[in-house]
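Single-structure report; data block below.
Just so it is clear, the structure is predicted and the values come from calculations on it, not from any experiment. Computed over heavy atoms, backbone and side chain alike; hydrogens, waters and symmetry mates excluded.
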Amino acid sequence: MIDLTKFCANKTEVREYLQAPFQLGECVYATNGHLAVRIPRDEAPHITEHPSAPKSAQKLFDDTFALEGEFAALPAPDSLPANRTCTDCGGTGIEPASEDEDYCFTCYGLGVMPDPMDVGDANFKLPYVRLMASLPNARIRTHGPSKPAAILFDGGQGLLMPYRK
């Protein structure tokens with residue numbers, strides 16, 4: 001089974017319902033707000049519904065996968081440029097001067113720089129492309145610079161939100 005937690009938001013996300021996978025309808029979802037994956041519910045029966053889970057997730061997936069176009073293989077993660085450690089937080093993901101451990105605004109709490117990467121006709125944050133490329137047999141279909149890209153992988157589907165330059 002795929003480790004869905006790596007697709008969830010980290011502890012600095014104020015929307016706590018994004019910090020763990022959730023069940024919605026016939027699928028289980030994991031999202032951090034910039035990317036999302038879903039797998040069939042019976043692949044993770046231990047994951048339950050969350051009262052605050054975004055009900056729009058199912059529609060966003062359905063609408064994106066209804067768009068036309070060819071899927072292309074995502075490059076293997078080890079063939080992608082390396083993630084660079086965040087220059088502001090030193091890789092901790094926490095704002096250096098923060099007393100409350102607020103997330104780093106430069107790297108969005110990731111600890112790595114959100115370097116841009118062109119894929120097809122859109123631009124994405126490299127750390128998120130690397131994460132999606134780690135899925136088994138990941139393939140991508142882009143829909144321009146303002147719509148989510150559709151990701152197919154063995155066992156599920158994903159969405160990757162574009163990054164505006």
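- Side-chain contact check for P162 versus P145: every heavy-atom pair is 4.5 Å or farther apart.
- Sorted by first and then second residue, the salt bridge (Lys or Arg N to Asp or Glu O under 4.0 Å) pairs involving residues 83-93 (not counting sequence neighbours) are R84-D115.
- From F22, atom CZ reaches atom NE2 of H50 across 9.5 Å, with rounding to the nearest 0.5 Å.
- Residue V14 is found outside any hydrophobic cluster, as its side-chain heavy atoms come under 4.5 Å of no other Ile, Leu, Val, Met, Phe, Trp or Tyr.
- When the side-chain hydrogen bond (donor to acceptor under 3.5 Å, both in side chains) test is applied to D78, no partner is found at least two apart in sequence or on another chain.
- Residues that satisfy the side-chain contact (heavy atoms from CB on, under 4.5 Å) test with L110, not counting sequence neighbours, are V112, P127, Y128.
- Side chain of D154 to backbone of N137: no donor-acceptor contact under 3.5 angstrom is found.
- The side-chain hydrogen bond (donor to acceptor under 3.5 Å, both in side chains) check on H143 picks up R141, with sequence neighbours excluded.
- The side-chain hydrogen bond (donor to acceptor under 3.5 Å, both in side chains) search around E13 returns R15, not counting sequence neighbours.
- Side chains of E49 and L24 form no contact here, defined as non-hydrogen atoms less than 4.5 Å apart.
- Cluster annotation: L4 and L159 are assigned to distinct hydrophobic clusters (Ile/Leu/Val/Met/Phe/Trp/Tyr, side-chain heavy-atom contacts under 4.5 Å, transitive).
- Through side-chain heavy atoms spaced under 4.5 Å, either directly or across other Ile, Leu, Val, Met, Phe, Trp or Tyr residues, Y17 is tied to L18.
- Summarising the geometry, atom CD belonging to Q58 is positioned 10.5 Å from atom CG belonging to D63; distances are rounded to the nearest 0.5 Å.
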Derivation of the side-chain contact (heavy atoms from CB on, under 4.5 Å) call for F71 and I151: CA-CA 8 Å; F71 283 89; I151 310 280; over 6 Å; no

Residues Y163, L126; criterion side-chain contact (heavy atoms from CB on, under 4.5 Å); working and verdict: CA-CA 10 Å; Y163 179 68; L126 175 61; over 6 Å; no

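- In this structure, M132 and L74 have side chains that are in contact, with non-hydrogen atoms separated by less than 4.5 Å.
- With values rounded to the nearest 0.5 angstrom, L60 atom CG is found 10.0 Å from F65 atom CZ.
- Cluster annotation: M161 is not connected to M117 through the hydrophobic network of ILVMFWY side chains, with a link wherever side-chain heavy atoms come within less than 4.5 Å.
- In this view, F105 and Y103 satisfy the ring pair (Phe, Tyr, Trp, His ring centres under 6.0 Å) rule, not counting sequence neighbours.
- Contact check for C8 versus Q19: no side-chain heavy atoms found under the 4.5 Å cut-off.
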List the atom pairs, with distances to 0.1 Å, where a side-chain N or O of residues 30-38 and a protein N or O form a donor-acceptor pair under 3.5 Å, not counting sequence neighbours.
residue: T31; atom: OG1; partner: G33; partner atom: N; Å: 3.0
residue: T31; atom: OG1; partner: L35; partner atom: O; Å: 2.7
residue: N32; atom: OD1; partner: H34; partner atom: N; Å: 2.7
residue: N32; atom: OD1; partner: L35; partner atom: N; Å: 3.0
residue: R38; atom: NE; partner: Q157; partner atom: OE1; Å: 2.8
residue: R38; atom: NH1; partner: Y29; partner atom: OH; Å: 3.1
residue: R38; atom: NH1; partner: D62; partner atom: OD1; Å: 3.4
residue: R38; atom: NH2; partner: D62; partner atom: OD1; Å: 3.1
residue: R38; atom: NH2; partner: Q157; partner atom: OE1; Å: 2.8

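- Residues C107 and C89 have side chains in contact (heavy-atom distance under 4.5 Å, counting atoms from C-beta outward).
- Criterion: ILVMFWY side-chain heavy atoms under 4.5 Å apart, direct or through other members. Under it, L80 and F153 are part of a common hydrophobic cluster.
- Annotation: side-chain hydrogen bond (donor to acceptor under 3.5 Å, both in side chains) contacts of S52 (sequence neighbours excluded): none.
- I94 and Y108 end up in different hydrophobic clusters when Ile, Leu, Val, Met, Phe, Trp and Tyr side chains are linked at under 4.5 Å.
- Annotation: salt bridge (Lys or Arg N to Asp or Glu O under 4.0 Å) contacts of K55 (sequence neighbours excluded): none.
- Taking the side chain as every heavy atom from C-beta outward, P21 and I39 never approach each other to under 4.5 Å.
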Counting only pairs under 3.5 Å, give me each side-chain donor-acceptor contact of residues 40-48, with atom names and distances, residues two or more places apart or in other chains.
residue: R41; atom: NH1; partner: G25; partner atom: O; Å: 3.3
residue: R41; atom: NH2; partner: E26; partner atom: OE1; Å: 3.3
residue: R41; atom: NH2; partner: E26; partner atom: OE2; Å: 3.4

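- Contact between T64 and P148 at its shortest, heavy atoms only, is CG2-O, 3.7 Å.
- Annotation: K6, atom NZ; neighbour count of heavy atoms from other residues, nucleotides and ligands within 6.0 Å is above 12.
- Between N123 and P116, some side-chain heavy-atom pair lies under the 4.5 Å cut-off.
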Pair L160-F124, side-chain contact (heavy atoms from CB on, under 4.5 Å): steps then yes or no: CA-CA 8 Å; L160 184 57; F124 304 94; 3.5 Å; yes

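- In this structure, the side chain of R130 does not engage the main chain of A76 through any donor-acceptor pair within 3.5 Å.
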